[in-house]
Protein chains: 2
Amino acid sequence: MAKFSKSDNCKNCLDCNMRIPMLSTLSRPELIELNENRFEVKFKAGETIFKQGTSATHLLILTTGLAKLYVEGVQDKQLIIRIIKPWEIVGQASLYFDNRHHYSIAALNNTTACFIEINAFKKAIQANTLFAEEFIKNCTQKGIFSFEKMVSLSQKQMHGRIADGLIYLSGKVYEALNFDLHLSRQDVADLTGMSKDSAIRILKEFHNEGIIELDGRKLKILNYAQLERISETG
Amino acid sequence: MAKFSKSDNCKNCLDCNMRIPMLSTLSRPELIELNENRFEVKFKAGETIFKQGTSATHLLILTTGLAKLYVEGVQDKQLIIRIIKPWEIVGQASLYFDNRHHYSIAALNNTTACFIEINAFKKAIQANTLFAEEFIKNCTQKGIFSFEKMVSLSQKQMHGRIADGLIYLSGKVYEALNFDLHLSRQDVADLTGMSKDSAIRILKEFHNEGIIELDGRKLKILNYAQLERISETG
DNA sequence: GTAAAAGACTGATAAATATCGATTTGTATT
DNA sequence: AATACAAATCGATATTTATCAGTCTTTTAC
């Protein structure tokens, strides 16, 4: 199970400063304050990091590994909103609302997570305008991302949605055309809003048509332009 | 066409203070500054207030009327994100991002819109932490709303989506069980992510089953509990 | 007041997608 | 290596949803 520890790549918020653009607006004393209100936990693949509905007391930053952020919808179905990578601040949604988690987060592989106390974070927002502005910027970007996702989910057919999913994974998550997928087929389905069987079918189709090469979880995008075309035509 | 004017119910930001919770955190001089950087425009039903893709120079507050906020998706299809009511601040998404409108807004009836210069607004955020926090609160609430919408659009069938749409209109927009709908059937379809014909069919079904009474655009919700049940079961 | 246009509606059909059952493959454990 | 178990796969079928064509109704324009 998850246990406390100090990882090698996250000893101090003063270092994280370099990796997380938002934190670079904070002063040294502010970073020290933040550092005193944080701790780390390791998670194994599959373990739940945040559970939807529980009370939100901390923000989350992964320092190693990947995780999926999803909402629990109707009949136990999951909708994966996005994949969390290291050095991304997660959990803002609850900061100024009802202090509840409105989504769950589960580790996709072995991860290390840094938890920052919510009030320490709020304090920084109140004290540092630049930081607050960075925070707002972050929120609004996510809002725009949400719009695109809604269009994809509600107006595109399966081919377009799978194309969108692959473009997202390749462009935003792995930043490569050739990568080892951490998502199961079910996860791909939950990311693109369809049944597992349908996701498998479309992926196989793309494979057969030479758009991608998919062997187990080894994924290579062969024709990115074609994916973009499919994404646009829906 | 739209023309400049001073409406009776929005003479001065100092008064709006009372109606818009977020503005109540501003000081008198801050409100005066805001007031100097705003103007009003009247729109007729159907006119476009913001157009997706154009540059965002102002925030919007309706003082009378209703409008639909929608993104232009694939093949000219619209996805209505939400309905805009008076005294709601709109346009935050672009504030700190790329200064582009990422959605369009069109008047549903004759409306009066107050435009506030973006930089005046930013200035207030920088100068007033409470105001910034209110702003963040606003953004995060919208984020949570987005999640619910995504679940509805991607995981529920047509009956569930129409139920969600009706619950939204009744609970959040009109705040009544009995109201004159400003949306066309096509708009209802665009709000719930389905074809116009399907929307008409489900509405008629609900009417026949005694869940609603629908005559033209006069809508009365007869069995709210049943709508909630349909929403939950998808 | 009448013609024209737009919106609302309906049944039949076609297309998209989910579900089911059965099989195969891969992975972890002993 | 053998077993157990989860994940992936695939064809057949059922369900959901969109599309289309045509009619009816309401509103708009002159």
Side-chain angles (χ1 to χ4, degrees), chain A residues 44-47 68 73-79 106 108-110 152-165 180-208 212-219 230 233-234, chain B residues 44-47 68 73-79 106 108-110 152-165 180-208 212-219 230 233-234:
Chain A
K44 282 197 275 202
E47 284 186 319
K68 60 177 175 181
V74 294
Q75 298 167 217
D76 293 330
K77 266 185 281 193
Q78 299 183 0
L79 174 65
L108 287 172
N109 51 3
N110 293 341
S152 177
L153 288 173
S154 69
Q155 299 191 337
K156 294 185 186 180
Q157 305 191 169
M158 295 196 299
H159 292 81
R161 301 210 297 278
I162 288 285
D164 282 343
D180 257 32
L181 197 56
H182 291 85
L183 312 190
S184 68
R185 298 297 191 266
Q186 180 68 60
D187 286 333
V188 173
D190 293 341
L191 180 68
T192 53
M194 66 187 70
S195 72
K196 183 189 55 170
D197 304 70
S198 290
I200 288 170
R201 226 178 292 274
I202 310 284
L203 285 171
K204 172 66 70 175
E205 234 178 272
F206 282 5
H207 175 94
N208 291 341
I212 62 172
E213 190 180 305
L214 182 59
D215 175 28
R217 293 200 177 180
K218 287 197 196 313
L219 178 60
I230 293 170
T233 59
Chain B
K44 281 197 275 201
E47 284 186 317
K68 61 177 174 178
V74 296
Q75 298 168 218
D76 294 329
K77 265 185 282 194
Q78 300 184 358
L79 174 65
L108 287 173
N109 51 4
N110 293 340
S152 177
L153 288 174
S154 69
Q155 299 191 338
K156 294 185 185 179
Q157 307 192 166
M158 295 195 300
H159 291 80
R161 301 210 297 279
I162 288 283
D164 282 343
D180 256 31
L181 197 56
H182 292 84
L183 312 191
S184 67
R185 299 296 193 265
Q186 182 67 61
D187 286 333
V188 173
D190 292 341
L191 180 69
T192 54
M194 67 186 71
S195 72
K196 183 189 58 171
D197 303 73
S198 291
I200 289 171
R201 228 179 291 274
I202 310 285
L203 285 171
K204 172 67 67 173
E205 234 179 272
F206 282 6
H207 175 94
N208 291 340
I212 62 172
E213 190 181 304
L214 182 59
D215 174 27
R217 293 198 175 180
K218 288 200 193 311
L219 179 59
I230 294 170
T233 59

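In what follows, chains are A, B, ... by sequence order, proteins preceding strands, each numbered from 1. Please read all numbers here as calculations on a predicted model, not as lab measurements.
Taking side-chain N and O atoms only, A:Lys204 has a distance below 4.0 Å to OP1 or OP2 of D:dC10.
The nearest whole Å value for the distance from the CD1 atom in A:Ile202 to the P atom in D:dA8 is 17 Å. Protein atom CG of B:Asp190 is 12 Å distant from nucleotide atom P of D:dA18, rounded to whole Å. The separation between B:Gln186 atom CD and D:dT19 atom P is 11 Å, rounded to whole Å. For A:Arg185 and D:dT9, the CZ to C1' distance is 10 Å, given to the nearest whole Å. Going from atom CD1 of B:Ile200 over to atom P of D:dC24 covers 16 Å, rounded to whole Å. Rounded to a whole Å, the NZ atom of B:Lys44 is 12 Å from the P atom of D:dT28. Rounded to an integer number of Å, the gap from CZ of B:Arg217 to C1' of D:dT26 is 11 Å.
In this structure, A:Ile162 CD1 and A:Lys156 NZ are separated by 12.5 Å, a value rounded to the nearest 0.5 Å.
Within the 3.5 Å criterion, the main-chain N or O of B:Asp190 finds no donor-acceptor partner in the side chain of B:Gln78. Side chain of A:Arg185 to backbone of A:Asp197: no donor-acceptor contact under 3.5 angstrom is found. With B:Thr192 contributing its side chain and B:Val188 its backbone, the two residues share a donor-acceptor pair below 3.5 Å. The closest donor-acceptor contact from the side chain of A:Asp180 to the backbone of A:Lys218 lies at 3.5 Å or more, if one exists at all. Without hydrogens or angle criteria, A:Gln155 side chain to A:Ser152 main chain gives no donor-acceptor distance under 3.5 Å.
Scanning for side chain to side chain donor-acceptor pair (under 3.5 Å) contacts around B:Asn109 gives B:His182, with sequence neighbours left out.
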- Note on the structure: Reading nucleotides 11-17 of chain D from 5' to 3' and marking B where a protein heavy atom lies under 4.0 Å of the base, S where only the sugar-phosphate is that close, and - otherwise, the string is BB---SS
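Chain A approaches DNA chain C over the interval C:dA16 to C:dG21, counting the first and last nucleotide 5' to 3' with an atom under 4.0 Å from its heavy atoms.
Side chains of A:Phe206 and A:Leu214 form no contact here, defined as non-hydrogen atoms less than 4.5 Å apart.
Between A:Lys68 and A:Asp187, at least one side-chain nitrogen of the basic residue sits less than 4.0 Å from a carboxylate oxygen of the acidic one, meeting the salt-bridge criterion.
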